[in-house]
Amino acid sequence: MSTRGKISGNTPNPFASRRGLNQFNNRLFTLLVWVVGICTVLFICGLLFLILQKGLPKLEWSFLSGLPSEIEEGGGIGPTLFNSIYVLVISLVISIPLGMAAGIYLAEFAPDNKFIAFVRICVEGLASVPSIIFGLFGIAIFVEAFQIGLTILGGAVSLAFLNLPVLTRVTEEAIRAVPIEMKNASFALGGTHLQTILRVLIPVSLNSIITGICLVAGRAFGESAVIILTAGVTTSGEMWDFSLFSPGETLAVHLWYVQSEAIVPDATEIAEKAAAVLVFVVLLINVIFRVPLWLNARKTRV
Amino acid sequence: MLEAPSSSVINNGVELGSSLKSGSGKAFDRKKRLSLYNKTFKVICIASAVFVCLILFTILFFMGRTGILTFDTVSPLTFFFSSEWAPENDQYGAFIFIFGTFALTFLTMLISVPLSVIIAVFLAEITPSWLKTMLRPVMDLLVGIPSVVYGFLGMTILIPMLRDLTGTSMGDGLLAAAIVLTIMVLPTISRITDDAIVAVPKKYRDASYALGATRFQTIVKVVLPAAKSGIMYAVILGMGRAIGETMAVVMVIGNTPQIADELFKPTSVLTSNIVMQISNVPFDSSWNYALYMMGFLLLVISLLMIVLVRLVQRKGVKS
């Protein structure tokens with residue numbers, strides 16, 4: 001746009017100057033994009049590296065398995081780490097079957113009408129509901145209606161509600177992405193709809209579904225707002241407490257609690273280590289599940 | 001001689017018939033069984049889908065019902081437009097938090113949208129492919145980093161840094177929260193924008209280059225306008241995430257109920273106020289109802305966003 005003024009001048013070759021300016025703009029733009037892109041990515045990765053580098057070298061087994069302390073130094077994160085995994089597993093056990101079944105319905109059985117379009121908007125809407133709303137909902141149900149207080153069960157179920165819509169959408173999209181020829185081939189061999197779904201559609205789309213589950217698991221592992229409201233900021237103080245009705249502070253909540261509320265003298269160090277463990281586990285969940293799938297995808301492609 | 005074969009034929013016929021019958025019987029059983037499985041499976045699937053929808057409506061109902069009780073003691077006008085939040089003295093004006101949420105979201109978008117579009121252009125158009133295959137999974141991993149970790153980083157690194165840079169005594173406030181949120185939503189927005197840019201047909205670019213346009217002109221005047229609806233979608237999603245984010249904001253915003261008219265002034269937003277106060281109040285109090293009303297407000301805002309996304313997508317399909 002700014003070049004328009006220049007060509008109207010009386011230069012002998014109006015295009016020469018314009019071309020030069022365009023080239024200059026182009027170079028400037030490329031440079032800008034490179035600099036901003038590289039800087040931002042490096043900056044964010046640097047932050048993560050900083051977390052891992054600050055916390056991981058100081059990790060000891062006694063920290064990972066030790067009990068947290070309220071007043072003295074040297075508290076561990078054992079019960080919170082256990083609760084994190086326990087809550088995550090329970091929430092996935094609830095949400096994976098439900099979410100997948102709902103996704104399969106939307107992809108395979110659902111008629112194409114206004115009502116189903118409305119259901120899809122509902123699922124999408126639920127996926128965008130802020131996590132704290134699920135926390136408030138959990139309080140209203142478990143603390144108020146059922147009167148069981150802040151428990152692992154409440155936290156896990158609320159977390160499952162948070163995961164459900166995402167799993168539904170991931171499953172639906174994965175199953176829709178399966179080529180129609182595969183489905184037709186299965187029907188041509190006399191497979192029923194159920195057989196087709198279980199033996200053709202799900203195995204073929206498993207890759208995307210597991211990627212989606214990883215995403216959800218990572219999110220659930222690091223989720224804190226829901227847990228603070230529904231499972232509380234304390235643990236039962238024992239290491240292997242499988243009771244569903246004990247308070248269930250998770251690692252992410254502990255990180256917040258130690259950093260902002262607790263009065264232990266070594267709060268910053270505990271927070272640094274807890275943050276490192278948190279990031280490490282989330283990365284691990286993603287890498288462990290994705291690497292075999294990635295290798296598998298490469299193998300089947302060749 | 002004749003009888004023997006005929007009898008054997010008859011016998012065969014009988015055997016054949018009976019075997020056919022039993023065969024068909026079995027097949028029928030199997031068919032019945034399979035169709036039963038099919039039907040059961042379908043019913044389970046329908047029930048799950050209904051359940052997912054039901055959750056949304058139960059949440060809307062619970063939040064709305066509890067929230068509406070606020071207006072027994074506080075007039076809606078006071079709740080939405082008064083900036084006096086002192087629950088101890090029965091003053092429930094949520095204007096500070098509503099304003100804070102909008103200001104924070106606006107500021108976050110102001111920083112993050114240009115940055116993420118540049119990063120998306122970088123990922124989709126400029127980088128060599130080896131860097132692309134390396135960077136895309138990294139961005140995907142970044143989406144999954146827990147928000148509380150970002151909050152922790154903001155609290156321990158960003159706020160001291162801001163204090164040193166600006167010389168203010170308090171680093172926490174809108175700007176710190178906006179920076180933390182930017183880092184959080186950046187991977188989300190740029191990855192979706194990246195996908196939208198990749199989805200622009202190659203012929204558009206070819207046509208632009210054939211007309212003698214440089215890469216800059218092609219990207220700014222052809223590719224980005226063509227990917228407009230995808231970019232809008234990404235921005236709205238990022239906005240939804242910024243509005244609903246709780247823990248990262250709680251840790252850097254200062255949590256003081258005062259209006260956010262400066263960048264470095266401890267303030268509070270809807271989410272942070274809910275999470276800081278909800279555990280200390282009895283369920284049957286106006287204070288609690290006011291917090292639920294604020295949650296309901298968040299819920300309505302986030303659902304409106306989805307309607308907006310739908311409209312943008314429909315427009316994108318049409319054009």
Side-chain angles (χ1 to χ4, degrees), chain A residues 22-23 25-26 29-30 33-34 36-37 40-41 44-45 47-48 51 98 101-102 104-106 109 119 121-126 128-133 136-137 139-140 144 161 164-165 168 192-194 215 218-219 222 224-225 228-229 252 255-256 259-260 268 271 275 278-279 282-283 286, chain B residues 34-35 37-38 41-42 44-46 48-49 51-53 55-56 59 62-63 66 115 118-119 121-123 126-127 135 138 141-142 144-149 151-153 155-156 183 186 214-217 240 243-244 246-247 251 271 274-275 278-279 283 292 295 298-299 302-303 305-306 310:
Chain A
N22 277 342
Q23 288 297 341
N25 270 344
N26 192 23
F29 173 71
T30 311
V33 170
W34 265 99
V36 172
T40 317
V41 173
I44 299 183
C45 293
L47 284 182
L48 290 188
I51 297 176
L98 278 172
I104 290 170
Y105 173 73
L106 287 180
F109 297 112
V119 170
I121 294 183
C122 283
V123 172
E124 212 170 305
L126 196 61
S128 79
V129 169
S131 59
I132 189 164
I133 304 291
L136 287 176
F137 182 57
I139 291 187
E144 266 317 298
F161 289 166
L164 256 180
T168 305
T192 63
H193 207 160
L194 175 65
L215 215 77
R219 188 176 159 203
S224 37
I228 289 178
L229 296 191
L255 169 56
W256 167 76
Q259 183 65 32
S260 350
T268 314
L278 208 57
V279 171
V282 170
L283 293 183
N286 280 284
Chain B
L34 282 178
S35 88
Y37 286 165
N38 266 335
F41 185 69
K42 192 173 170 181
I44 292 173
C45 286
I46 292 177
S48 311
F51 184 68
V52 173
C53 291
I55 293 175
L56 182 66
I59 290 180
F62 261 97
M63 301 292 300
T66 319
L115 260 182
I118 290 179
I119 291 174
V121 167
F122 175 68
L123 274 176
I126 307 234
T127 40
L135 282 182
V138 170
L141 280 185
L142 287 179
I145 299 298
S147 57
V148 70
V149 171
F152 170 66
L153 281 176
M155 209 170 180
T156 52
I183 299 174
L186 204 97
T214 59
R215 181 157 71 177
F216 169 61
Q217 289 167 327
I243 288 179
T246 312
M247 295 320 291
M251 292 172 91
T271 51
I274 294 174
V275 87
I278 194 85
S279 352
F283 195 83
Y292 268 81
L298 274 177
L299 185 62
S302 71
L303 291 180
M305 293 265 174
I306 284 301
R310 282 277 153 161

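Chain naming here is simple, since letters A, B, ... match the order of the sequence lines and numbering starts at 1 in each.
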* Taking all heavy atoms of M63(B) and all of Y292(B), pick out the closest pair and write down the distance. => CE-O, 3.7 Å

* Closest non-hydrogen atom pair, A252(A) against S224(A) -> CB-CB, 4.0 Å

Should [X] and [Y] count as side-chain neighbours, where that means a heavy-atom distance under 4.5 Å?
X	Y	value
T156(B)	Q259(A)	yes
V282(A)	N286(A)	yes
I126(B)	F29(A)	yes
T214(B)	N25(A)	no
V148(B)	M251(B)	yes
F51(B)	L164(A)	yes

Among [options], residue most engaged with chain A (heavy-atom pairs, under 4.5 Å):
options	answer
S48(B), S35(B), G151(B), G244(B)	S48(B)
T66(B), I118(B), T271(B), V121(B)	I118(B)
L153(B), I119(B), L34(B)	L153(B)
L298(B), I183(B), L303(B), T127(B)	I183(B)
V275(B), L186(B), I278(B), I59(B)	I59(B)

Go through the atoms of [X] and report whether side chain, backbone, both or neither lie under 4.5 Å from a heavy atom of chain B.
X	value
L136(A)	both
V129(A)	both
L48(A)	side chain
S128(A)	both
L126(A)	both
V41(A)	side chain
L229(A)	side chain

* Using the benzene-type ring in the case of Trp, are the ring centres of F41(B) and H193(A) under 6.0 Å apart? -> no

Given heavy-atom pairs under 4.5 angstrom as the criterion, report whether the side chain, backbone, both or neither of [X] touches chain A.
X	result
T246(B)	side chain
R215(B)	both
I243(B)	neither
L141(B)	side chain
L123(B)	neither
Y37(B)	both

So which of [options] has the biggest tally of heavy-atom pairs under 4.5 Å with chain B?
options	value
L47(A), I228(A), L215(A)	L47(A)
G222(A), G125(A), A102(A)	A102(A)
S131(A), A271(A), A275(A)	A271(A)
V279(A), I121(A), L106(A)	I121(A)
L283(A), T168(A), I133(A), I139(A)	I133(A)
E124(A), E144(A), Q23(A)	E144(A)

* Describe, in one word, how the ring planes of F122(B) and W34(A) are oriented to each other, choosing from parallel (under 30°), tilted (30 to 60°) and perpendicular (over 60°). => perpendicular

* Parallel, tilted or perpendicular: which fits the ring planes of F62(B) and F137(A), with parallel below 30° and perpendicular above 60°? -> perpendicular

* Under the side chain to side chain donor-acceptor pair (under 3.5 Å) rule, collect the residues that match up with S147(B), sequence neighbours excluded. => E245(B)

* Asked: Can you check side-chain contact (heavy atoms from CB on, under 4.5 Å) on L115(B) and V36(A), steps first, answer last?
  -> CA-CA 8 Å; L115(B) 260 182; V36(A) 172; 3.4 Å; yes

* So, the side chain of S302(B) versus the backbone of L299(B): is there a donor-acceptor pair under 3.5 Å, distance only? -> yes

